[in-house]
Amino acid sequence: MLPANWTSVTVFIFLRFSHYPKVEVIVFAVCLLMYLSTLLGNVILISITILDSRLHTPMYLFLSNLSFLDIWYTSSALTPMLPNFVSGRNTISFSGCATQMYFSLAMGSTECVLLSMMAYDRYVAIFNPLRYPIVMNRRTCVQIAAGSWMTGCLTALVETMSVLPLSFCGNRIINHFTCEILAVLKLVCVDTSLVQLIMLVISVLLLPMPMLLICISYAFIIANILRISSVEGRSKAFSTCTAHLTVVVLFYGTALSMYLKPSTVDSQEIDKFMALVYAGLTPMLNPIIYSLRNKEVKVAVKKLLIRNPFNTTFISILK
């Protein structure tokens, strides 16, 4: 029987990018820029959806939820890492690691469900515009948003609780910059077949299944748009979907490459950079994509910024 200090771990150590010291400085600068940009962009997007009454629609209710969870997701992944870069610390407590793992999984899982619901919203808006206000009424939208959050939080709880009781046999060096569940599982010294099965089932439910719903929704959307005789109407219909489709490709592309890749493919350094894209770049780009591709958002941002004479540069960018 192993001694207690070999079977239990109270502190984990991050390797981060320690094999590439020069890269770490660049990674810190990029992560800091992405985090600040994510905060600024998503806070602005949430603010304008609240302040502008014309944006009190189902699409922007879901969009504000997306921005809110992007802030939480990036904060859970990058906030503990940034101070550690400055202080030189590379440790995290067991409880801190568990908390970080849970929130990262919860926000990512919620986004999977929410993006599919946003695709359904676009399908109803374009395929049946006359019944859209009835089908997507406020109560239904709130229920969809709440259901997305509940699904994400519950599945994250199941995954996190399945990992925490496992024995690490004293292994505490995580070859990552965050408590990413796949990196933590590599420290476990007992059979992880059950945990991997749980993760596979949840990954299939939250990645290919919502992706299939999105593909079906957009197949109907595109078929309906092609029936529109007016070029202007067709262009407007496409523009309302382009932003969401771009976000879907970015998010699901990185998520699928991380969580459903073959077990024979194991490159931890690539996983780290993919995690940076997944946790930092995608949440940062979301508000930019929605604001640049959406006339209603651009008009609302202009109204918000024009109150401050120093923001003329931002207004000119949005034109």
Side-chain angles (χ1 to χ4, degrees), residues 9 12-17 27 30-32 34-35 38-39 42 65-85 90-115 148-164 166 174-188 192 195-196 198-203 205-207 210 247 250-261 268 270-286:
V9 173
F12 288 105
I13 301 172
F14 294 126
L15 278 186
R16 298 192 310 230
F17 297 91
V27 169
V30 171
C31 287
L32 181 61
M34 287 193 300
Y35 181 61
T38 299
L39 283 181
N42 285 291
N65 272 268
L66 180 65
S67 293
F68 183 73
L69 71 86
D70 276 342
I71 291 172
W72 273 95
Y73 183 64
T74 306
S75 298
S76 66
L78 299 184
T79 302
M81 181 185 69
L82 293 174
N84 287 350
F85 269 117
N90 60 348
T91 61
I92 188 171
S93 66
F94 184 88
S95 58
C97 185
T99 303
Q100 187 182 51
M101 184 191 301
Y102 170 75
F103 276 105
S104 294
L105 287 170
M107 298 304 106
S109 301
T110 302
E111 185 157 351
C112 288
V113 182
L114 190 61
L115 286 174
S148 301
W149 281 94
M150 287 180 64
T151 303
C153 292
L154 288 175
T155 54
L157 184 63
V158 171
E159 289 182 290
T160 305
M161 294 305 295
S162 67
V163 173
L164 295 183
L166 299 177
I174 301 176
N175 189 12
H176 214 286
F177 59 85
T178 184
C179 284
E180 205 275 325
I181 190 169
L182 296 178
V184 173
L185 268 180
K186 291 179 180 179
L187 306 183
V188 175
T192 60
V195 178
Q196 289 178 355
I198 292 171
M199 288 184 61
L200 178 62
V201 171
I202 292 176
S203 295
L205 290 174
L206 293 179
L207 289 172
V247 170
L250 280 171
F251 179 80
Y252 278 97
T254 52
L256 287 169
S257 65
M258 282 183 64
Y259 292 103
L260 289 180
K261 67 180 180 181
Q268 196 61 38
I270 293 176
D271 285 349
K272 292 177 191 177
F273 283 104
M274 290 300 294
L276 284 177
V277 174
Y278 190 70
L281 185 62
T282 305
M284 180 189 74
L285 291 178
N286 283 354

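Between Cys112 and Pro210, the shortest heavy-atom contact is O-CB, 3.8 Å. Minimum heavy-atom separation, Ile202 to Thr155: CD1-O, 3.8 Å. Closest approach of Ser93 to Gly96, counting heavy atoms only: OG-N, 3.0 Å. Residue Gly108 comes nearest to Tyr73 through the heavy atom pair N-CD1, 4.0 Å, listed as atom of the first residue, atom of the second, then distance. Listed here is the closest heavy atom pair of Leu82 and Cys31: CD2-CB, 3.8 Å. The two residues Gly152 and Thr110 have their closest heavy-atom pair at CA-OG1, 3.4 Å.
Side-chain atoms of Met199 and Leu182, non-hydrogen and from C-beta on, do get closer than 4.5 Å to each other. The closest side-chain heavy-atom distance from Ile174 to Leu15 is not below 4.5 Å. When side chains are defined from C-beta on, Phe103 does not count as touching Ser75, because their heavy atoms never get closer than 4.5 Å. With a 4.5 Å cut-off on side-chain heavy atoms, Asn175 and Lys186 do not count as touching. For the pair Leu276/Leu281, no side-chain contact is recorded, criterion being any heavy-atom separation below 4.5 Å from C-beta on. Residues Glu111 and Leu66 form a side-chain contact, since some pair of their non-hydrogen atoms from C-beta on lies under 4.5 Å apart.
In this structure, Glu180 CD and Leu185 CG are separated by 9.0 Å, a value rounded to the nearest 0.5 Å. Atoms CG and CZ, on Asn90 and Phe177 in that order, are 14.5 Å from each other to the nearest 0.5 Å. Going from atom OG1 of Thr38 over to atom CG of Asn286 covers 8.5 Å, rounded to the nearest 0.5 Å. Taken to the nearest 0.5 Å, the SG atom of Cys179 stands 4.5 Å off from the CD1 atom of Ile92. Here the OG1-CG distance, from Thr282 to Asp70, works out to 8.5 Å after rounding to the nearest 0.5 Å. Here Met107 contributes atom CE and Leu114 contributes atom CG; the two are 11.0 Å apart, rounded to the nearest 0.5 Å.
The closest donor-acceptor contact from the side chain of Thr192 to the backbone of Val195 lies at 3.5 Å or more, if one exists at all. Although no hydrogens or angles enter the test, the distance criterion places no donor-acceptor pair under 3.5 Å between the side chain of Ser109 and the main chain of Ala156. The backbone N or O of Val247 sits nowhere less than 3.5 Å from a side-chain atom of Tyr252 that would complete a donor-acceptor pair. In this structure, Thr79 contributes its side chain and Ser76 its backbone to no donor-acceptor pair below 3.5 Å. The closest donor-acceptor contact from the side chain of Ser162 to the backbone of Glu159 lies under 3.5 Å.
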- request: For side-chain contact (heavy atoms from CB on, under 4.5 Å), just list the numbers for Thr91 and Phe14, CA-CA rounded to whole Å, side-chain angles, deciding distance to a tenth of an Å, and then say yes or no.
  value: CA-CA 6 Å; Thr91 61; Phe14 294 126; over 6 Å; no
query: Between Asn65 and Ser148, does a side-chain contact (heavy atoms from CB on, under 4.5 Å) hold up when you go through it step by step?
result: CA-CA 10 Å; Asn65 272 268; Ser148 301; over 6 Å; no
- request: Walk me through it: do Trp149 and Leu69 pass the test side-chain contact (heavy atoms from CB on, under 4.5 Å)?
  value: CA-CA 9 Å; Trp149 281 94; Leu69 71 86; 3.5 Å; yes
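The ring pair (Phe, Tyr, Trp, His ring centres under 6.0 Å) check on Tyr102 picks up nothing, with sequence neighbours excluded.
In summary, of the residues considered (Leu285, Val277, Leu115), a side chain to side chain contact (heavy atoms under 4.5 Å, CB included) with Phe251 occurs for Leu115 alone.
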